[in-house]
Amino acid sequence: MKLIKQIRIFAFILMLFMLSGCSEDKINSDDTDNNTDLSATQAINQSELNSYNATEESQINSDDTNNNTDLTTNQAINQSEFKSYCAKEENQSNQIFFNYPQFINTDTNTDKMNMMIEDFVKSELYLFIDEDFKGTMSNSHETINWSNDYENYGIDVDYEIMRNDSDYFCAVFKGSTYYKMAPHPNSYFSALIIDVDNLSLVKLSDLYNVNDDFIAVAQRNYEKQINEIELDTLFKEALLEINLEKPEYWECFMTDTALGISVWLNHAMGDHYEFLIDYDELLAFEKC
């Protein structure tokens, strides 16, 4: 029975992969009906582009079914403290729109954090483009028009502030990236955590001892949250087959009450998935 189940799951994932491949011919379409407006208030997994057909969207991205954990902006965060800027490069080669926050009222600390946020954006852009970023950083908030033609890269990224207090600042960045020579666009997710006291970047291993017991807690929360959302049965089974055994590939972020973890998925399954673990469950793993 287990072998039959695994074969069914493999066939389901293969079907999704084939659907994503079949949509390649649609990527360069100028059909503006398929343009997607990606905003900061959308859920984390934003891979709805005009390159995806209705069947794939219904399996993977409809109502964010594969990423239904509530990661919406904490209403306690004062959004008026921030102004949105866009790292923008719009030319024949690239269409790049990477939005990011900046503190409005600045002092020594926030000036430094603003620089750290800008440096993070630049470093992320360098991961995608083969040459130096030729755009400008301080543009007004903007999103890409996917019907515009370009030769190399299309990048549309927005942000969401997850935590901002005397201890940590955290923002997540999510959106879509597409290299014209690739068979499909990809859903993008990354996170930035700043230790406010030390003005240093923070990663998971700075916060916790990530051992086998920690991984077990993460696996339990991952499976619990998968089981709590409505998904196609085979798709849910495929997600539950994933073993979170390589924390070096995790991306972490922080909210006021929970640690967030983003895990990599293959493209047919949505590229990534985010879930939360309450801080209370992680007290035994905290680093002093």
Side-chain angles (χ1 to χ4, degrees), residues 2-3 5-7 9-10 12-14 16-17 20 43-47 60-61 64-69 71 120 123-124 126-128 157 162 168 170-177 179 182-193 195 200-229 231 234-255 258-279 281-287:
K2 184 176 181 181
L3 178 60
K5 176 182 176 183
Q6 290 176 337
I7 292 173
I9 291 172
F10 176 78
F12 178 75
I13 295 174
L14 181 62
L16 292 180
F17 184 80
S20 66
I44 295 293
N45 190 5
Q46 301 186 39
S47 57
I60 299 178
N61 293 316
D64 293 298
T65 52
N66 67 322
N67 221 339
N68 208 29
T69 306
L71 304 178
F120 170 84
S123 67
E124 289 296 294
Y126 292 150
L127 294 176
F128 294 105
V157 173
M162 308 302 292
Y168 296 103
C170 178
V172 297
F173 299 83
K174 57 244 179 157
S176 299
T177 65
Y179 176 51
H184 53 70
N186 291 306
S187 179
Y188 167 87
F189 180 91
S190 191
L192 169 69
I193 304 174
D195 182 320
S200 59
L201 298 180
V202 175
K203 53 187 183 296
L204 181 60
S205 59
D206 297 323
L207 299 168
Y208 297 102
N209 294 302
V210 184
N211 53 27
D212 289 344
D213 291 336
F214 185 101
I215 294 172
V217 171
Q219 186 78 40
R220 183 174 68 248
N221 279 269
Y222 168 81
E223 293 176 0
K224 177 177 180 290
Q225 290 171 44
I226 292 290
N227 282 316
E228 287 175 349
I229 59 180
L231 289 173
L234 286 177
F235 188 46
K236 178 176 287 191
E237 289 177 353
L239 287 173
L240 291 173
E241 287 286 319
I242 294 174
N243 191 340
L244 307 182
E245 58 186 4
K246 295 184 177 180
E248 62 269 26
Y249 296 115
W250 299 353
E251 185 99 39
C252 80
F253 56 97
M254 304 178 78
T255 73
L259 175 76
I261 293 178
S262 176
V263 295
W264 177 87
L265 302 176
N266 65 51
H267 176 70
M269 297 177 70
D271 293 318
H272 56 87
Y273 183 86
E274 287 68 56
F275 63 97
L276 299 173
I277 308 173
D278 288 343
Y279 291 131
E281 292 191 58
L282 299 173
L283 293 177
F285 307 103
E286 282 186 349
K287 288 189 172 180

- prompt: So, do Met254 and Tyr279 sit near enough that their side-chain heavy atoms are less than 4.5 Å apart?
  reply: yes

field: Heavy-atom pair with the smallest gap, counting every atom of Glu281 and Ile277
entry: CB-CG2, 4.1 Å

query: Checking Asp206 side chain against Lys203 main chain: does a donor-acceptor pair fall under 3.5 Å?
result: yes

message: Please verify the inter-ring angle class for His272 with Phe189; under 30° counts as parallel, over 60° as perpendicular, anything in between as tilted.
response: tilted

query: Is any side-chain heavy atom of Asn221 less than 4.5 Å from a side-chain heavy atom of Val217?
result: yes

- prompt: Could you give the distance from CD1 (Ile261) to CZ (Phe253), rounded to the nearest 0.5 Å?
  reply: 8.5 Å

task: Please tell me if the side chains of Tyr188 and Ser190 come closer than 4.5 Å, counting only heavy atoms from C-beta onward.
output: yes

message: Keeping Lys174 on the side-chain end and Ser187 on the backbone end, is there a donor-acceptor pair under 3.5 Å?
response: no

query: Where do Phe128 and Val157 land on the side chain to side chain contact (heavy atoms under 4.5 Å, CB included) test, with the steps shown first?
result: CA-CA 12 Å; Phe128 294 105; Val157 173; over 6 Å; no

task: Working to the nearest 0.5 Å, report the span between OG of Ser176 and CG of Asn186.
output: 9.0 Å

query: When you look at Leu201 and Phe120, which way does the side chain to side chain contact (heavy atoms under 4.5 Å, CB included) test go after all the steps?
result: CA-CA 10 Å; Leu201 298 180; Phe120 170 84; 6.0 Å; no

- request: Could you check whether the rings of Phe214 and Phe285 sit parallel, tilted or perpendicular, using 30° and 60° as the cut-offs?
  value: perpendicular

field: Least distance between heavy atoms, Cys252 atom then Ala191 atom
entry: O-CB, 3.4 Å

query: With no hydrogens and no angle check, is any side-chain donor or acceptor of Tyr222 less than 3.5 Å from a backbone partner on Leu239?
result: yes

message: With a 4.5 Å cut-off on side-chain heavy atoms, are Lys236 and Leu234 touching?
response: no

- prompt: Can you find a pair of side-chain heavy atoms, one from Phe275 and one from Leu244, that are under 4.5 Å apart?
  reply: yes

message: Rounded to the nearest 0.5 Å, what separates atom OH in Tyr168 from atom CG in Leu207?
response: 5.0 Å

field: Leu283 CG to Asp278 CG distance, which is reported to the nearest 0.5 Å
entry: 10.5 Å

- prompt: Quick one: OG on Ser205 to CD on Glu248, what's the gap to the nearest 0.5 Å?
  reply: 11.0 Å

query: Do Tyr208 and Glu286 touch side chain to side chain, with heavy atoms closer than 4.5 Å?
result: yes

- prompt: Around atom NZ of Lys246, are there more than 12 heavy atoms of other residues, nucleotides or ligands at under 6.0 Å?
  reply: no

task: To the nearest 0.5 angstrom, please state how far the OH atom of Tyr126 sits from the CD atom of Glu124.
output: 12.5 Å

task: Check whether more than 12 heavy atoms from other residues, nucleotides or ligands sit under 6.0 Å from atom CG of Asp212, and answer yes or no.
output: no

- prompt: Would you say the side-chain atoms of Gln225 pair up with the backbone N or O of Leu276, donor to acceptor, closer than 3.5 Å?
  reply: yes

- prompt: Does the side chain to side chain contact (heavy atoms under 4.5 Å, CB included) test come out yes or no for Ile242 and Val263, once each step is laid out?
  reply: CA-CA 10 Å; Ile242 294 174; Val263 295; 5.8 Å; no

